[in-house]
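These notes are about the structure you will find just below.
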Amino acid sequence: MTENTTSQSPDHESTIKMDAKYVMQNYGRYNIVLSSGSGSVVRDVNGREYIDCVAGIAVNNIGHCHPKLVKAIRDQAEKLIHVSNLYYTVPQAKLAEQLVKVTGMSRVFFCNSGTEAVEAAMKLARATTGKADFVAVEHSFHGRTMGSLSVTYKEIYRSPFKPLVQEEKFVPYDDPDAIADAITEKTAAVIVEPIQGEGGINVPSDKYLQEVRSICDETGTLLIFDEVQTGFGRTGKWFCKEHSGVEPDIMTMAKAIGGGFPMGAIAAREGISFGKGQHAATFGGNPLACAAALASMEVIREENLIDRSKEMGDYFMNKLRNMSLDGVVDVRGRGLMIGVELDRKCADIVESCMEKGVLLNCTSEKVLRIAPPLTITKEQIDLVVDVLEQA
Ligand SMILES: *Cc1c(COP(=O)(O)O)cnc(C)c1O
């Protein structure tokens, strides 16, 4: 890492000032202005480098500005950036085929973000069942628009925006009986993350998803997996559902799907599909986004990033379990979706690691979330753990 010897670029102060003046202040931001990146490293406008264990929140799975992704976006941008879904495009059809292959589902619908994917999944569940209600779990995070917000657990996210789509009953995570009790004849679907991300990297017990699947089958309830954060190699499989062998009826994807290019999608099993006119998105599946997603999936395959995620994740978690940092309660995760739970709030550690050249994120107040690009090297992991030990 380069030491902080460079003087501050004029862009640093002016950008922060402009943000303060012109951008709604809904984000709590750190005092750095990022301007470039490659692989697992990002640079700020002062030329300082950071190992990026945030990766845009589990987005940059193939690393920053991967040359294949950059080339695919550039090539497609020269040909066609956007057309309406009134017409077919080659990249959209090709990406749909690829997604059906890797998800094992039957068909896909394209949108532009995680929350939109959850909205689409909820609408599809309602349209399919003719029922209105959803069962969600405690500490869930499914997004910030009205529908997805109503299945998102945190009261502070929801309370200013009531009434929502439905006043949910949230039941404890990793408790199949609680889901069985919550399902009524009005329930359209159960929605769960196969590993909870924002909720603190919570890994359920092995049988949980299987039992939830059985309950849904017995009661004729649809099962939605929100794989927005767990998808595209993050947990050491293409999708986290593969660890359990359980197939949902509908699954959501976003974050890493486009390698950093904004995109979302849902996939559903045979027999579950929107009919003509039932749903739409102007930008959904536009050629530029699809070209980016195709390139990103190709890099994941060519560079064997799925296996790498597992290997580096195991290496990382092992080092974290043996590091000398006071107050570590638990180290958990799968692949490179890792949580380090502390006995105190982790904001100070995040700040101190940033000063030492490592970006980390804190979720659920006491959990350090570690979700670097799947391209991270052992040397970089060693450096991150060194920095954590000094924090
Ligand atoms: C991030 C996230 C979302 C929301 O995605 P956005 O693109 O921010 O709307 C939904 N579900 C899960 C599990 C997520 O991690």
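If you read the sequence from its start, that first residue is 1, and numbering goes on from there. As the structure lists them, so they are numbered: ligands from 1, and atoms in each ligand from 1.
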Salt bridge between Lys68 and Glu302, side-chain N to carboxylate O under 4.0 Å? yes

Near Glu193 (heavy-atom distance under 4.0 Å), the atoms of ligand 1 are 13 (C)

Taking only non-hydrogen atoms of Ser113 and a 4.0 Å limit, the atoms of ligand 1 in range are 7 (O)

Is the Phe225-Phe239 ring centre distance short of 6.0 angstrom? no

Near-ring test Phe109/Phe274, centroid separation under 6.0 angstrom: yes

May I ask you to check whether His139 and Tyr153 place their ring centres under 6.0 Å from each other? yes

Considering only the protein, which heavy-atom contact is closest to atom 4 (C) of ligand 1, and what is its distance? Thr115 N, 3.7 Å

Report, in ascending order of atom number, the atoms of ligand 1 lying under 4.0 Å from any heavy atom of Asp226. 10 (C), 11 (N), 12 (C), 13 (C)

Numbering as shown, the atoms of ligand 1 that approach Lys255 to under 4.0 Å (heavy-atom distance): 1 (C), 2 (C), 3 (C), 14 (C), 15 (O)

Within 4.0 Å of atom 8 (O) of ligand 1 (strictly less), any protein heavy atom? no

Decide, yes or no, whether a salt bridge links Glu49 with Arg43 under the criterion of side-chain N to carboxylate O below 4.0 Å. yes

Are any of the N/O atoms on Gln229, whether in the backbone or the side chain, positioned under 3.5 angstrom from an N/O atom of ligand 1? yes

In ligand 1, the atoms that come under 4.0 Å of a heavy atom of Gly114 are 4 (C), 5 (O), 6 (P), 7 (O), 9 (O)

Check: Tyr173 ring centroid to Tyr208 ring centroid under 6.0 Å: yes

